[in-house]
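For reference, the structure is listed below as structure tokens.
A note on names: the letters A, B, ... follow the listed sequences, proteins ahead of strands, and every chain is numbered from 1. Keep in mind that this is a model prediction, so the values were computed, not measured.
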Amino acid sequence: MVSAGIVGAKATGLGVWRTVRERTFVIACMFATLFALFALVVLFYGIVRDGWGALSWDFITNFPSRRAAKAGIYSALVGTLWLMGLTTVVTVPLGVGAAVYLEEFAPKNRLTAFIQLNISNLAGVPSIVYGLLGLTIFVRGLQLERSLAAGALTLSLLILPVVITAAQEALRAVPRAYREASLAIGATTWETVRDHVLPQAVPSIITGIILGLSRAIGETAPLITIGAFAFVTFLPSGPMDKFTALPIQIFDWASRPQAAFHELAAGGILVLMAVLLLFNSLAIGLRLYAERKIIRL
Amino acid sequence: MKGSSVGVFALAIAVAGCGGGSGSASENGSAAEALSGEIVVDGSSTVLPISEAMSEEFTAEHPDVRVPVAASGTGGGFKKFANKEVDVSDASRPIKESEVEACAANGVEFIELPVAFDGLTLAVNAQNDWVDHLTLAELKAIWEPNSQVRYWSDVRPSWPKIEIKLYGAGHDSGTFDYFTEAVVGSEGSIRSDYTGSEDDNTLVQGVAGDKGALGFFGFNYYVENKDKIRAVPIDAGRGPIVPSEETIRSGEYSPLSRPLFIYVRRDAADRPEVAAFVEFYLSNAVEIVPETGYVPLTAEIYDLVAARFKKRTTGSVFQGGSQVGMKFEEILSKETGEQ
């Protein structure tokens with residue numbers, strides 16, 4: 001490339017060729033973007049077309065039913081909100097804590113390098129494997145049965161690698177000078193991390209958590225593996241209660257023979273997307289707030 | 001071994017049904033006595049719609065009882081059942097010997113209760129105008145492992161040389177177990193080059209979009225898609241039989257009409273809410289089962305099944321191979337005799 005560039009700069013004939021290549025590259029990139037967007041638009045259009053009719057207040061506040069006209073997603077929606085809440089509560093302290101330890105405190109030796117390698121690898125493990133792990137450890141080992149707690153802990157395991165990695169990168173991006181300045185005036189490492197490093201990293205950490213939760217909210221396989229229920233006509237009143245969740249309810253409806261249930265499934269997908277967007281905008285708001293605080297510092 | 005038991009079941013239960021049951025054993029009539037607790041139902045996704053409907057109606061009557069229903073599959077359900085994690089296990093095939101042993105190893109006893117019939121439908125594309133019927137032997141030739149059938153003309157020379165594309169249940173389902181046992185003759189053996197899916201809607205779409213297709217799936221998936229696909233009459237030695245509610249119920253469509261079951265844990269049946277739920281299940285099945293797209297047993301047979309539950313008769317009538325049918329008949333007539 002370098003030699004081609006030099007030659008091209010000398011001979012204008014080759015300069016034209018360079019421009020053509022550049023244009024081609026830009027068009028190819030645009031095409032790739034449009035293709036992804038197009039697929040998304042088609043999918044979205046199909047779901048809205050099929051599911052719009054299913055949406056109503058009754059659909060949100062009714063329990064599932066064998067009669068499609070009466071069926072709603074109340075228990076699944078509430079189950080998903082519970083799951084997301086509990087997963088956040090478990091994941092944030094563990095994920096951020098692990099990242100802070102690995103970045104700020106842990107000695108750089110073979111053991112931590114090995115741990116680091118494992119965390120990166122865990123991010124690529126198929127979600128059903130986490131389901132099996134959750135079934136063995138939480139459902140059976142800890143006797144949590146098929147409770148929200150078991151589901152949330154399983155989902156936490158699933159997204160922890162993503163959250164830890166993102167938080168580590170956020171911490172790494174904080175300039176070294178901040179730490180040195182703090183330590184130089186006599187602050188301990190803990191004080192430095194608490195008052196200077198973490199606040200700087202918070203916006204990026206939040207992004208990592210959003211990514212993790214967005215993945216967790218749509219996961220079906222691990223929840224089915226731990227035995228989450230497909231038909232639930234009560235609301236969970238605590239973390240030890242049995243539950244269902246939106247992806248499972250959608251999956252159940254989509255596999256029915258009757259077309260009316262397929263419509264409900266599409267409606268369920270719209271609700272799931274709305275919840276996801278709500279979560280994300282909440283997190284983006286938090287992120288903006290955190291960023292503004294940093295600028296004031 | 002179990003191959004012959006699937007067909008025998010319908011006959012056995014029908015013969016025993018002639019004995020007649022003395023009224024419904026299920027009216028608990030004690031609505032005033034408030035039941036509470038939680039009944040965990042899991043198992044076959046084929047039976048799921050029936051159990052869901054029962055859960056819905058039962059909890060409407062008994063609001064303090066929770067009946068969550070899951071669908072881990074017939075095999076997955078039995079695994080959890082043997083582990084005492086499930087009170088009622090839905091099954092689209094009889095319990096296997098290995099599953100009976102797993103239950104025994106954990107001290108789990110069970111009550112086997114048939115609750116409905118389903119017909120496995122073999123369907124072709126709506127544009128397929130050559131297939132009038134298929135015999136069981138032809139089906140076996142098409143589906144068996146290392147089958148040489150590639151074109152429809154390989155099945156019958158008079159049929160066109162159009163490639164035959166096969167769609168069927170994936171390996172994890174009870175439907176797969178049942179089909180391979182009833183058609184190929186040994187459970188789990190099938191040619192490897194067919195399109196398998198656990199989602200029957202995918203199979204329907206496959207058959208609907210492919211002129212040369214042949215697929216098998218639950219009868220209710222055919223009923224909902226009659227405009228796109230055509231059911232093939234099956235000749236099992238008594239002439240071609242079209243799957244319909246009548247032929248499935250009467251056993252004429254045997255061996256591709258299959259019973260669906262619930263298995264109740266014996267110790268769970270001592271809990272009043274579980275007993276009430278199972279009694280509710282059996283006494284309302286005649287009305288509720290058709291609403292879910294399945295074929296109900298006759299009222300007389302439900303009475304016999306309810307009597308079986310009332311006596312808490314444990315064990316499977318399908319244990320020990322092909323003489324099983326007789327055994328089931330004996331059990332049922334003995335039960336009715338004593339009533």
Do other residues, nucleotides or ligands put more than 12 heavy atoms under 6.0 Å from B/Glu198 CD? yes
Checking heavy atoms, do the side chain of B/Asp200, its backbone, both or neither come under 4.5 Å from chain A? neither
Ignoring hydrogens, what is the shortest heavy-atom contact between B/Asp199 and A/Ser255? Give both atom names and the distance. OD1-CA, 3.9 Å
Please find the pair of heavy atoms, one from A/Phe231 and one from B/Ser55, that lie closest to each other, and give the distance. CE2-OG, 3.4 Å
If every non-hydrogen atom of A/Lys242 is compared with every non-hydrogen atom of B/Pro68, which pair is closest and at what distance? CD-CG, 4.0 Å
I need the B/Thr292 OG1 to A/Arg67 CZ distance, nearest 0.5 Å. 11.5 Å
To the nearest 0.5 Å, how far apart are CZ in A/Arg256 and CG in B/Asn201? 10.5 Å
Name the one of A/Val232, A/Thr233, A/Asp241 that satisfies side-chain contact (heavy atoms from CB on, under 4.5 Å) with B/Arg66? A/Asp241
Side chain / backbone / both / neither for A/Thr244 at chain B, heavy atoms under 4.5 Å: neither
Side chain, backbone, both or neither: which part of B/Val204 has a heavy atom under 4.5 Å from chain A? neither
As an exercise, state the distance from CZ of A/Phe229 to CG of B/Asp42, rounded to the nearest 0.5 Å. 6.5 Å
Heavy-atom nearest pair, A/Gly227 first then B/Ala70, reads O-CB, 4.2 Å
Applying a strict 4.5 Å limit to non-hydrogen atoms, the region of B/Glu38 in contact with chain A is side chain
Heavy atoms of other groups near A/Phe251 CZ, more than 12 under 6.0 Å: no
Taking B/Glu57 first and then A/Arg66, would you say they form a salt bridge - that is, a charged N and a carboxylate O separated by under 4.0 Å? yes
Non-hydrogen side-chain atoms of B/Glu224 and A/His262 separated by less than 4.5 Å: no
Going through the distances and angles, do B/Asn220 and A/Gln258 end up as a side-chain contact (heavy atoms from CB on, under 4.5 Å)? CA-CA 9 Å; B/Asn220 45 1; A/Gln258 296 87 357; 5.6 Å; no
Rounded at 0.5 Å granularity, tell me how far CZ in A/Phe63 sits from CD in B/Glu56. 11.5 Å
Please determine whether the number of non-hydrogen atoms from other residues, nucleotides or ligands lying under 6.0 Å from atom OH of B/Tyr167 exceeds 12. yes
Using heavy-atom distances under 4.5 Å, tell me whether B/Val41 contacts chain A through its side chain, its backbone, both, or neither. backbone
